[in-house]
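The basis for the numbers below is simple: all heavy atoms, side chains too, and nothing from hydrogens, waters or symmetry mates.
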Amino acid sequence: VQLQASGGGLVQAGGSLRLSCVASGRTFSRLAMGWFRQAPGKEREFVAAISWGGTIKHYADSVKGRYTTSRDNAKNTVDLQMNSLKPEDTAVYYCAADANTVSGAISIDANRYENWGQGTLVTVSS
């Protein structure tokens with residue numbers, strides 16, 4: 001699976017950004033998708049995940065209520081809408097795909113995801 005993330009940029013605190021990730025090379029509707037981020041000097045952390053059909057979602061506590069993930073299986077895309085951004089949200093954001101799963105299953109464990117995009121940088125200024 002090839003993943004290409006886009007949509008990062010510089011935004012002021014309180015602003016919004018929408019990240020998008022397009023997948024190719026595999027049946028997208030059979031991929032559980034995840035979003036992770038890595039801030040400078042910190043370890044990669046889970047942000048959000050969404051199941052095959054998009055009905056099951058899970059968010060990290062730090063972004064719950066501010067971020068929303070969605071997918072369009074017809075377009076092979078998964079999005080991450082980020083609202084009320086904070087300086088601590090500054091990080092490189094990665095989309096990832098888990099092909100070894102079943103319908104309805106999602107994971108917050110980065111090791112479950114075999115395929116990763118190149119990352120897109122989100123910078124939130126105070």
Side-chain angles (χ1 to χ4, degrees):
V1 179
Q2 290 76 48
L3 302 172
Q4 181 74 34
S6 62
L10 174 64
V11 64
Q12 288 188 332
S16 298
L17 279 176
R18 188 176 185 89
L19 306 183
S20 186
C21 176
V22 60
S24 61
R26 192 78 179 249
T27 303
F28 183 71
S29 60
R30 295 298 179 97
L31 299 173
M33 299 297 296
W35 288 95
F36 293 79
R37 67 187 182 186
Q38 186 165 18
K42 296 187 177 181
E43 293 188 354
R44 182 174 51 190
E45 65 175 357
F46 169 78
V47 174
I50 185 168
S51 62
W52 286 6
T55 56
I56 298 175
K57 305 175 186 181
H58 185 70
Y59 300 92
D61 287 344
S62 59
V63 307
K64 200 171 294 183
R66 299 188 298 122
Y67 288 16
T68 303
T69 189
S70 59
R71 66 190 294 162
D72 185 337
N73 286 347
K75 296 181 179 179
N76 288 1
T77 59
V78 59
D79 292 344
L80 184 69
Q81 177 66 42
M82 307 183 295
N83 299 327
S84 302
L85 283 162
K86 305 174 182 180
E88 51 263 43
D89 294 320
T90 295
V92 176
Y93 283 71
Y94 299 90
C95 60
D98 178 6
N100 296 314
T101 186
V102 297
S103 176
I106 54 175
S107 175
I108 66 171
D109 182 359
N111 292 318
R112 284 281 309 176
Y113 294 83
E114 311 92 353
N115 304 282
W116 293 79
Q118 84 287 2
T120 184
L121 177 63
V122 172
T123 303
V124 184
S125 63
S126 57

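To the nearest 0.5 angstrom, N73 atom CG is 4.5 Å from R71 atom CZ. Atom NE2 of H58 is separated from atom OG of S107 by 9.5 Å, given to the nearest 0.5 angstrom. Here F36 contributes atom CZ and C95 contributes atom SG; the two are 11.0 Å apart, rounded to the nearest 0.5 Å.
Annotation: side chain of Q4 is not in contact with side chain of C21 (no heavy-atom distance under 4.5 Å).
One N or O on the side chain of Q118 and one on the backbone of A5 form a donor-acceptor pair closer than 3.5 Å. Side chain of R37 to backbone of A91: no donor-acceptor contact under 3.5 angstrom is found. Judged by distance alone, with hydrogens and angles left aside, the side-chain atoms of K57 form no donor-acceptor pair with the main-chain N or O of A48 at under 3.5 Å.
A donor-acceptor contact closer than 3.5 angstrom links the side chains of S20 and D79. A donor atom on one side chain and an acceptor atom on the other are not found under 3.5 Å apart for D72 and T77.
Qualifying salt bridge (charged side-chain N to carboxylate O under 4.0 Å, His left out) partners for R30, counting only residues two or more places apart in sequence or in other chains: none.
Cluster note: Y93 groups with V1, L3, V11, L17, L19, F28, L31, M33, W35, V47, I50, Y59, V63, Y67, V78, L80, M82, L85, V122, V124 through ILVMFWY side-chain heavy atoms spaced under 4.5 Å, whether in direct contact or through intervening members. Side-chain contacts under 4.5 Å among hydrophobic residues (ILVMFWY), followed directly or transitively, place V22 with no other residue at all.
The pair R112-D109 does not count as a salt bridge, with every side-chain nitrogen at least 4.0 angstrom from each carboxylate oxygen.
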